[in-house]
Amino acid sequence: MNNTGSGFAERAAHPEQGPPLWLLAELTYRCPLQCPYCSNPLEFAEHKQELTTGQWIDVFSQARALGAAQLGFSGGEPLVRDDLAELIRAARGMGYYTNLITSGMGLNQSRIDEFLDAGLDHIQISFQASDSEVNNMLAGSRKAFDQKLAMARAVKAAGYPMVLNFVTHRHNIDQIENIIELCLALEADFVELATCQYYGWAHLNRAGLLPTRAQLEHAEAVTNRYRAQLAADNHPCKLIFVTPDYYEERPKGCMNGWGSIFLTITPDGTALPCHSARQLPISFPSVKEQSLGHIWYDSFGFNHFRGDDWMQEPCRSCPEKHLDFGGCRCQAYLLTGDAAQADPVCSKSPHHHRILAARTEAEQPQPAVEELTFRNERNSRIICRS
Ligand code: FES
């Protein structure tokens, strides 16, 4: 199915639709790291344009006027933008709660001071692994691990809550005990142990990333053991464990429903209902051409999967459809070629066998880390040409 704007009649607007609450500003696709599970589009090298400082501030202002309250700065690596402090200051001046989602590469004490002065509320630093060898191999940088350690300590010393994120997969999930110990040694307040989800580069490398069921169960058991001990000790650290969709029988209510509360703006100003929607064969509007109010309430792209008129069976008659909204549209598209299908994670989906096949595949030997396709300009250009 080709879900282009021209192939469908414009959907009626949804008068019950409330405002966007969360704005994710993907400031850039540039990044010094090369993680093979990056959720950025495979063809990111084709999207070099970035909104100017003034255009971003205008986007923040429009979204705030609509009702958005939380603003995340991400990328790529948002620290490559020299105007980041200026953007934070502008967003805080509008009353946003601001969150920087970073690898820590490009951070230093003077930028931390600058962000504090600009009013930044929250910084989340991501790690690839608990030791420098695996971390640096996955990141594609020999300096990454030491830099991350230093910056995690500096962020904590600056008074921010320490929020660490580890994307786990078959090459690092067995380190879970060491990962948690590292987080405790760094005095983390929140730790997100997020098993890789398969979009963008992670989808391309899925066979080499999906952990076995035994790996996943071990990691969850270790996390639960630590969680219980931390609670018994009245320890402030909170561990959040995110299981991969591929080991679920019911899909997640992705983005709390399409175009429900989340609004993502890509580096070139394309507005999306989620960070992965760019890969769908739907034309999405640009903030350079339309107002955010029109984009949010009236555009084809944002209205396309709102409500449940678009649903096919088994979603249409499913009693859980208002809980999971049919699952993830991007995952449905990646696994079936039709974004209007039920998310194949659901055991009721006629395509659930694809999830079962991926689980079976995970039990087989898979490529080593070095054989994964790393997210970099060269590989992106090769993918674009193919
Ligand atoms: Fe796009 Fe789930 S990631 S709808």
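Whatever order the structure lists ligands and atoms in, that order sets their numbers, starting from 1. Everything numeric here is computed off the predicted structure, so don't read it as measured data.
- Atom 1 (Fe) of ligand 1 has no N, O or S atom of C328 inside 2.8 Å of it.
- Under 4.0 Å is where a charged nitrogen must lie from a carboxylate oxygen, and between R359 and E363 no such pair does.
- Short contacts between ligand 1 and C274, defined as distances under 4.0 Å to a heavy atom of the residue, involve ligand atoms 1 (Fe), 3 (S), 4 (S).
- For the 3.5 Å distance criterion, the side chains of R227 and N224 qualify, holding a donor opposite an acceptor.
- For atom 4 (S) of ligand 1, the closest non-hydrogen atom on the protein side is R329 N, 3.5 Å.
- The OG1 atom of T266 lies 10.0 Å from the CD atom of Q49; values are rounded to the nearest 0.5 Å.
- A salt bridge does not link D268 to K288: none of the charged nitrogens lies less than 4.0 Å from a carboxylate oxygen.
- Close approach to C254 involves these atoms of ligand 1, each under 4.0 Å from a residue heavy atom: 2 (Fe), 3 (S), 4 (S).
- Inclusion of H275 in the first shell of atom 1 (Fe) of ligand 1 is not supported: no N, O or S atom falls under 2.8 Å.
- With Q17 contributing its side chain and G259 its backbone, the two residues share a donor-acceptor pair below 3.5 Å.
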